[in-house]
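Here is the structure we will look at, set down as structure tokens.
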There are 2 protein chains.
Amino acid sequence: MALSLELITATARSLLSQYGLQDVSMRRLARELDVAPGALYYHVPSKQELLRTVAQEILDPLLDEPGDALALMLRFRLLVLPLRDAGDLLLLAYALDTTLPPAQLLPQRLREAGWAPAEAEQTTAVVMRFALGALATEQNQALLQPAQPVTGRAPGAPQAMAAERIYRHGLQRLLAPPR
Amino acid sequence: MALSLELITATARSLLSQYGLQDVSMRRLARELDVAPGALYYHVPSKQELLRTVAQEILDPLLDEPGDALALMLRFRLLVLPLRDAGDLLLLAYALDTTLPPAQLLPQRLREAGWAPAEAEQTTAVVMRFALGALATEQNQALLQPAQPVTGRAPGAPQAMAAERIYRHGLQRLLAPPR
DNA sequence: ACCTGAACACCGTTCAAGT
DNA sequence: ACCTGAACACCGTTCAAGT
């Protein structure tokens with residue numbers, strides 16, 4: 001009943017946030033939409049392309065973010081985190097298209113903060129790689145070692161540092177104005 | 001004929017560097033070893049565990065690296081890069097075990113360079129996330145947009161920055177001695 | 001102890017054929 | 001134009017049964 005690209009990506013996003021990337025399969029999508037698997041290929045060229053489109057949609061709200069580079073990257077984290085294991089997805093999407101929303105906006109924000117154009121480009125590349133690595137790590141850890149009992153920690157052992165603190169600390173170092 | 005954990009991981013590493021992660025399947029491994037798929041499960045509890053072991057083996061040489069933090073991270077890159085898409089693998093392995101070779105050595109190297117212990121830990125976490133994100137990006141790009149003709153570039157467009165330059169630049173900023 | 005055969009519940013993608 | 005049915009070539013994992 002009126003299958004469309006919009007319906008497919010919406011369903012994919014729903015599966016992604018409810019069950020994670022490994023449950024976003026073409027067949028699962030088809031089942032969810034009450035349609036034969038092959039039907040999807042009339043609207044979408046491949047799974048990879050579909051996921052790229054989904055990533056674009058997810059990051060779209062960033063285009064309206066008025067804040068500076070730090071605000072942009074913090075909002076980036078908040079958009080990505082709820083999508084259980086979308087970190088891998090974004091790593092792929094960014095490799096395919098390095099102008100993905102946070103990346104395309106960063107150079108300008110950095111120039112506004114006093115960076116020279118060439119340095120702004122370089123720093124954008126560095127910041128994006130850090131952010132993607134940090135988010136993928138944070139999501140993987142949440143998925144793989146879930147619900148660790150607080151009482152069970154070895155007292156002297158290095159405590160697992162809060163993911164947000166690490167993220168902020170990295171950004172702070174990388175976004176510090178050029179000396 | 002004498003299947004063993006060593007034989008299995010060696011074959012996995014060979015498949016990984018020859019064909020990439022997506023060709024390292026339990027069934028492909030079994031075919032390569034002339035054995036039924038189920039036989040592998042007598043020696044290995046799961047694919048995930050197998051890949052974790054493989055990652056450990058790959059990073060083992062780092063334990064003998066005598067250089068400073070920068071040398072360590074540059075060697076890390078050289079070990080990982082040849083494994084076509086091992087970046088995703090390492091992201092997973094690191095999430096499972098944050099004491100993976102480069103990470104377990106970094107805090108000491110940083111303290112030797114004048115960092116306070118707490119800052120050394122924090123910086124280790126940040127550097128690892130950057131490195132993993134950078135390597136995954138570099139490998140994904142190599143796989144997805146292969147053999148771009150040099151002559152085809154738009155002259156005024158921002159050139160694709162060399163991955164190594166970005167990697168070094170990020171490390172330089174993150175490893176700069178605390179002010 | 002170590003392995004096979006067979007099964008279970010899945011994948012992405014293609015394509016003739018139907019409406 | 002849009003979708004189905006069926007196929008092709010795969011997955012990870014389990015487990016009774018064999019040696």
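All chains are named by letter (A, B, ...) in the order of the sequence lines, taking the proteins before the strands, and each is independently numbered beginning at 1. Remember, predicted model here, so these are calculated numbers, not experimental data.
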**Request:** Run the numbers on B:R168 and B:L74 for side-chain contact (heavy atoms from CB on, under 4.5 Å), then give the verdict.
**Result:** CA-CA 8 Å; B:R168 295 188 101 106; B:L74 290 177; 3.4 Å; yes

**Request:** Report yes if some heavy atom in the side chain of B:L132 is under 4.5 Å from a heavy atom in the side chain of B:F76; otherwise report no.
**Result:** yes

**Asked** Which whole-number value in Å describes the distance from B:R28 CZ to D:dA9 P?
**Response** 16 Å

**D:dC3 OP1/OP2 closer than 4.0 Å to side-chain N/O of A:H43** = yes

**Asked** What is the distance, rounded to the nearest whole Å, between atom CG of A:L33 and atom P of D:dC3?
**Response** 10 Å

**Asked** Checking side-chain contact (heavy atoms from CB on, under 4.5 Å) for the pair B:L33/B:L40: CA distance, chi angles, key distance, verdict?
**Response** CA-CA 10 Å; B:L33 290 162; B:L40 300 175; 4.1 Å; yes

**Asked** Do B:L89 and B:L16 have side chains that get closer than 4.5 Å, going by heavy atoms?
**Response** yes

**Request:** State whether the number of non-hydrogen atoms from other residues, nucleotides or ligands found under 6.0 Å of B:R75 atom CZ is greater than 12.
**Result:** yes

**Request:** Starting from C1' on C:dC10, measure out to CZ on B:R27 and report it in whole angstrom.
**Result:** 11 Å

**Item:** Given DNA chain D, 5'-ward residue of the pair B:K47 and B:A39, judged by closest heavy atom
**Value:** B:K47

**Item:** Interatomic distance where CG belongs to A:D34 and C1' belongs to D:dT4 [whole Å]
**Value:** 13 Å

**Message:** What I'd like to find out is whether the side chain of A:R84 reaches to under 4.5 Å of the side chain of A:Y19, using heavy atoms alone.
**Reply:** no

**Per A:M26 side chain, nearest of listed nucleotides C:dG12, C:dG5, D:dC3** = C:dG12

**Asked** Could you give the CD-to-C1' distance, from B:Q22 to D:dC10, as a whole number of Å?
**Response** 13 Å

**Asked** A:L5 has an atom CG; how far is it from atom P of D:dA1, in whole Å?
**Response** 18 Å

**Proximal nucleotide (of D:dT4, C:dT13, D:dT13) relative to the A:Y41 side chain** = C:dT13

**Message:** In whole Å, measure the gap between the C1' atoms of D:dC15 and C:dC2 for me.
**Reply:** 14 Å

**Request:** Any chance you could encode DNA chain C as dot-bracket? Rule is Watson-Crick or G-U wobble with both distances under 3.5 Å; [ ] for pairs crossing earlier ones, | for another strand.
**Result:** ||.|||||...|||||.||

**Prompt:** Given the C1' atoms of D:dC11 and C:dC8, what is the spacing between them in whole Å?
**Reply:** 12 Å

**Message:** Between A:Y42 and D:dC2, is there a contact of a side-chain N or O with OP1 or OP2 at under 4.0 Å?
**Reply:** yes

**Request:** Find the distance B:I8:CD1 to D:dG12:P and express it as a whole number of Å.
**Result:** 13 Å

**Item:** Six-ring centre of A:F130, B:R173 cation under 6.0 angstrom, axis tolerance 45°
**Value:** no

**Message:** Could you tell me how far apart B:L40 (CG) and C:dT4 (C1') are, to the nearest whole angstrom?
**Reply:** 12 Å

**Item:** Listed nucleotide nearest any side-chain atom of A:L3, set D:dC3, D:dC11, C:dT13
**Value:** D:dC3

**Asked** Between D:dA16 and C:dC3, how far is it from one C1' atom to the other, in whole Å?
**Response** 13 Å

**Request:** Report yes if the side chains of B:V35 and B:Y42 come closer than 4.5 Å at any heavy-atom pair, otherwise no.
**Result:** no

**Of the listed nucleotides C:dC11, C:dC3, D:dC11, the one nearest the side chain of A:R31** = C:dC11

